[in-house]
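Accompanying notes for the structure given below.
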2 protein chains.
Amino acid sequence: MRLSTKGRYAVMAMADLAGNEGGTRPVSLAEIAKRQEISLSYLEQLFAKLRKGGLVRSVRGPGGGYRLSRPASELRIADIILAVDEPIATTRCKTGSPLGCTGTTTRCVTHDLWEELGRQIQVFLSSVSLADVIEKRVLGRTRPCEAKSEAREAA
Amino acid sequence: MRLSTKGRYAVMAMADLAGNEGGTRPVSLAEIAKRQEISLSYLEQLFAKLRKGGLVRSVRGPGGGYRLSRPASELRIADIILAVDEPIATTRCKTGSPLGCTGTTTRCVTHDLWEELGRQIQVFLSSVSLADVIEKRVLGRTRPCEAKSEAREAA
DNA sequence: CCCCGTTCCCAGCGATTAACTCGGGTATAG
DNA sequence: CTATACCCGAGTTAATCGCTGGGAACGGGG
């Protein structure tokens with residue numbers, strides 16, 4: 001899972017859309033662009049991908065705009081980022097086959113590390129829905145069961 | 001915390017160093033460059049930062065090279081990445097003061113989200129030492145207490 | 001039915017940034 | 001003295017971000 005500003009913009013825009021959807025009429029990109037201070041053209045680019053990903057539905061013509069395809073509580077942040085940001089290879093192993101780097105030399109000792117990190121990020125972002133974000137129910141999700149005092153200093 | 005290829009290369013190189021340190025003589029960058037297939041010049045750039053960060057010690061002259069400044073079990077992955085990759089701002093809020101974006105509009109609803117994500121990554125990478133990586137003790141660190149079935153499909 | 005504005009839609013472009021290289025310099029062992 | 005290996009700064013290439021401009025569908029007024 002890749003983490004870039006593009007994904008962040010997409011989440012911002014989706015949060016704006018979820019927060020301003022009255023149910024009566026769609027929300028135009030122009031509104032979102034003004035509120036979130038993102039260029040309209042860039043938003044269009046992002047929403048094209050979000051539409052292909054099935055996260056939003058578009059309504060054309062005057063009074064048109066975008067709607068969420070599902071309730072905000074069922075849209076996960078991970079889905080949004082996955083829709084706009086192509087996944088990136090976190091290891092140097094050949095594309096597709098993670099088998100090409102096992103057991104030879106010290107080549108890919110870090111393979112498992114990055115894979116596990118990616119999994120951690122995925123789990124976290126999948127556990128947060130769009131509704132959670134606009135309700136500010138994000139903080140305090142650190143699981144207390146691993147709350148060892150890992151707070152030694154590096155200096 | 002920023003996640004780029006630079007940080008990954010640094011961790012690869014440090015893992016190589018930790019795995020090939022016999023204790024008798026330092027490890028030269030030329031060796032690491034050959035084993036890890038990273039260009040020598042780029043490695044020098046990385047190790048300059050690692051040295052400034054106090055993670056390695058250098059020995060000049062023939063037979064010289066680098067040593068870990070501490071046992072591999074006391075060097076955390078987070079420290080390595082922090083040493084080579086400048087931290088990046090994950091929100092649009094003005095630099096330094098995260099107070100500039102509270103309560104106005106929908107402006108920074110995502111602020112808490114990115115901050116919490118960064119904290120999650122930090123916690124994970126701080127929980128893994130260089131020794132863990134070369135001993136392959138990385139997988140299976142997902143805390144089982146949050147193992148709800150979050151596996152609904154997005155389609 | 002026809003015109004017209006709104007809004008989504010799509011392809012390509014410029015500028016910023018990261019990734020990486022190149023050329024030198026300095027300390028040290030033999 | 002010389003070869004090895006660290007040290008340092010500037011320069012080059014490639015990718016990505018974010019923007020510009022024109023085209024296509026749709027609703028409303030005449």
Side-chain angles (χ1 to χ4, degrees), chain A residues 2-13 17 20 24-34 36-69 81 83-92, chain B residues 1-13 17 20-21 24-53 55-69 81 84-90 92:
Chain A
R2 171 161 187 159
L3 293 175
S4 62
T5 66
K6 185 187 277 187
R8 286 202 292 273
Y9 280 149
V11 174
M12 278 188 212
L17 175 56
N20 291 92
T24 67
R25 72 173 180 84
V27 181
S28 75
L29 289 188
E31 295 177 50
I32 300 177
K34 190 183 291 177
Q36 302 298 322
E37 299 180 15
I38 306 173
S39 88
L40 178 59
S41 318
Y42 197 43
L43 270 182
E44 290 179 340
Q45 212 174 21
L46 295 178
F47 273 80
K49 293 193 173 185
L50 292 173
R51 194 176 64 87
K52 281 172 192 162
L55 299 176
V56 295
R57 301 200 161 281
S58 67
V59 179
R60 301 177 73 150
Y66 284 94
R67 283 183 200 278
L68 297 178
S69 66
I81 295 182
V84 299
D85 259 331
E86 330 282 310
I88 199 172
T90 52
T91 64
R92 289 180 102 191
Chain B
M1 163 133 353
R2 172 161 184 156
L3 292 175
S4 63
T5 67
K6 186 188 277 188
R8 286 202 293 272
Y9 279 153
V11 175
M12 278 188 212
L17 176 56
N20 291 91
E21 195 177 44
T24 66
R25 72 175 180 80
V27 180
S28 76
L29 289 189
E31 293 177 52
I32 299 177
K34 190 183 293 178
R35 276 193 297 260
Q36 301 298 322
E37 299 179 16
I38 306 173
S39 89
L40 179 58
S41 315
Y42 198 41
L43 270 182
E44 289 179 341
Q45 215 174 28
L46 295 178
F47 273 80
K49 292 192 172 184
L50 292 172
R51 194 174 63 88
K52 281 172 190 160
L55 298 176
V56 296
R57 300 200 161 281
S58 66
V59 179
R60 300 180 73 151
Y66 284 94
R67 282 182 202 278
L68 297 178
S69 67
I81 295 182
V84 298
D85 258 330
E86 331 280 310
I88 199 170
T90 52
R92 288 181 105 193

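Letters go in sequence order (proteins before strands), and every chain restarts at 1. Note that the coordinates shown come from a computational prediction; the quantities given were computed from them, not determined experimentally.
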Report all side-chain donor-acceptor pairs from residues 57-65 of chain A shorter than 3.5 Å, counting only partners two or more places apart or in another chain.
none

Could you pull out all donor-acceptor pairs under 3.5 Å where a side-chain atom in residues 40-47 of chain A meets a protein atom, sequence neighbours excluded?
none

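Straight-line distance from the CG atom of B:L50 to the P atom of D:dC6: 13 Å, rounded to whole Å. As a whole-Å value, the separation of A:L46 CG from D:dT16 C1' is 13 Å. In this structure, A:M12 atom CE and D:dC17 atom P are separated by 14 Å, rounded to whole Å. Distance B:D85 CG to C:dA18 P: 9 Å, rounded to the nearest Å. B:Q36 has its CD atom 18 Å from the C1' atom of C:dA19, to the nearest Å. As a whole-Å value, the separation of B:Y42 OH from D:dC8 C1' is 16 Å. When the C1' atom of C:dT17 is taken as reference, atom NZ of B:K6 falls 11 Å away, rounded to whole Å. Look at CD1 on B:I38: it is 16 Å from C1' on C:dA18, rounded to the nearest Å.
For D:dG18, the OP1/OP2 oxygens have a side-chain nitrogen or oxygen of A:Y9 closer than 4.0 Å. The phosphate of C:dT21 has OP1 or OP2 within less than 4.0 Å of a side-chain N or O from B:S39.
Between the CD1 atom in B:I38 and the CE atom in B:M12 there is a gap of 6.0 Å [rounded to 0.5 Å].
Checked against side-chain hydrogen bond (donor to acceptor under 3.5 Å, both in side chains), B:S4 has the following partners two or more places apart in sequence or in another chain: B:D85. In this view, A:K49 and A:E86 satisfy the side-chain hydrogen bond (donor to acceptor under 3.5 Å, both in side chains) rule, not counting sequence neighbours. A search for side-chain hydrogen bond (donor to acceptor under 3.5 Å, both in side chains) contacts involving B:S39 returns nothing, not counting sequence neighbours.
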With B for base contact, S for sugar-phosphate-only contact and - for none (protein heavy atoms under 4.0 Å), nucleotides 6-15 of chain C reads BSBBB-B---
